[in-house]
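One-based numbering, in listed order, for ligands and for the atoms of each.
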Amino acid sequence: MELFFYISQTDERTMSITEISNHKIKRNILQILRQNPNAATETFICQELQMDLELIRNQILELRESGYEIQTAGNGLQLIHEPDNPYPWEFPGRESTIHYFKELSSTMDLAREMARKECPDFTVIISEFQSTGRGRLQRTWHSDAGGLYFTIVLRPRLAPAHSHRINFAASLVLAKVLQQMFHLDAKVKWPNDILVNNLKLSGMLSEMGIEANKLSYVNIGIGINVNNDPMGKEPNAISLKKLLGTRIDRRKLLSSFLDDFQAVMSGSTLENIIPQWKHYTMTIGRHVKIVTIKESYEGVARDVNENGALILEQGDGSLKEVIYGDCFHG
Ligand code: BTN
């Protein structure tokens, strides 16, 4: 986990009231169109939402520009096709905390900036594409269109020494969601990669800020290969589309993950997270090689301790506690 000490700034970067209300109007228009597949008239939409025609027309125009195919049918409107982009209005109740971008350098950069400007707990920054997506240990995270790339800003009530629990919670929740939604044998490779059939489906990165010896923020960045094709650039990677043979609705996946992760995080000190995580890992018991920027170690992964460190039994029988590194399964 990268660590930043800083002096907090007071100017807040939040979404404007108009933006939030426009997200809610779009959500309501979509709800009416979905409930009326045989077409809903503009007058009906205006009456239902008690809003004037010009406002509704502007929002419908923006929905069309965002990829929703809304056709005129008779004197009504029909929703013919919806994109699976994770727009804020697709997450009821989260309209004010989801920030969606077509392109960013890295969601980690903006998340850090927003965390330092006092954005609320569980603010989510999503980008369709990242020009300089980052992986752990100074690697690049290829972020082609079709994947899910997001960072969650958390303000946990945890001692800095326990911040690693959040990464374990996030990877545990994601493995469970992938198992439940798609019946995949998704497993966690220490510390937080999600693998299926030994191929990497998701990776996580975290950063934290400390102020007066307390955690000010922990930012968890998650990349999931969904409908993108990472295999050309990363031979050991795989996408959900490739595994399942069909495109996946990224909105549903992200929504389940955010709901479940927030439930695990809310008010909890995550005391028992590592024992639970151990049920979902494929690392313990395997022969592994751990590579850090400077060193590498080999041995059998015997356990993961309360600090999140991997306990490695080396060739001479000695036990080594490894705090970070890239783990390769033998
Ligand atoms: C790794 O496996 O090395 C970690 C990959 C983390 C990728 C995500 S994508 C969203 C967020 N923004 C980034 O630049 N990186 C993380």
Ligand 1 N/O within reach of Arg136 N/O, cut-off under 3.5 Å: yes

Identity and distance of the protein heavy atom lying nearest atom 2 (O) of ligand 1: Lys200 NZ, 2.6 Å

Close-contact set for ligand 1 against Arg134 heavy atoms, below 4.0 Å: 5 (C), 6 (C), 7 (C), 13 (C), 14 (O), 15 (N), 16 (C)

Plane angle bin for Tyr87 and Trp89 - parallel if under 30°, tilted between 30 and 60°, otherwise perpendicular: parallel

Sub-4.0 Å atoms of ligand 1 with respect to non-hydrogen atoms of Asp193: 2 (O)

Contact check: Ser106 vs ligand 1, nitrogen or oxygen atoms, below 3.5 angstrom: yes

Leu205 neighbourhood, listing ligand 1 atoms whose heavy-atom distance to it stays under 4.0 Å: 6 (C), 15 (N)

Whether Phe261 and Phe257 hold their rings parallel, tilted or perpendicular, with breakpoints at 30° and 60°: parallel

Six-ring centre of Tyr68, Lys26 cation under 6.0 angstrom, axis tolerance 45°: no

Residue portion contacting ligand 1 (non-hydrogen atoms closer than 4.0 Å) for Arg139: side chain

Atoms of ligand 1, numbered as shown, that sit under 4.0 Å from any heavy atom of Thr107: 10 (C), 11 (C), 12 (N)

Main-chain N/O of Gln314 paired with Ser318 side-chain donor or acceptor, under 3.5 Å: no

Numbering as shown, the atoms of ligand 1 that approach Phe150 to under 4.0 Å (heavy-atom distance): 10 (C)

Proximal ligand 1 atoms for Gly135, defined as those under 4.0 Å from one of its heavy atoms: 1 (C), 3 (O), 4 (C), 5 (C)

Short side-chain to backbone donor-acceptor contact, Asn225 and Ile238, under 3.5 Å: yes

Nearest protein heavy atom with distance in Å, relative to atom 5 (C) of ligand 1: Trp141 CE3, 3.3 Å

Nearest heavy atoms of Met204 and Asn167, plus distance in Å: SD-O, 4.2 Å

Contacting atoms of ligand 1, where contact means under 4.0 angstrom from a heavy atom of Gly133: 14 (O)

Crowding at CG, Asn75 (>12 non-hydrogen neighbours, <6.0 Å): no

Met282 backbone acceptor or donor facing Trp190 side chain under 3.5 Å: no

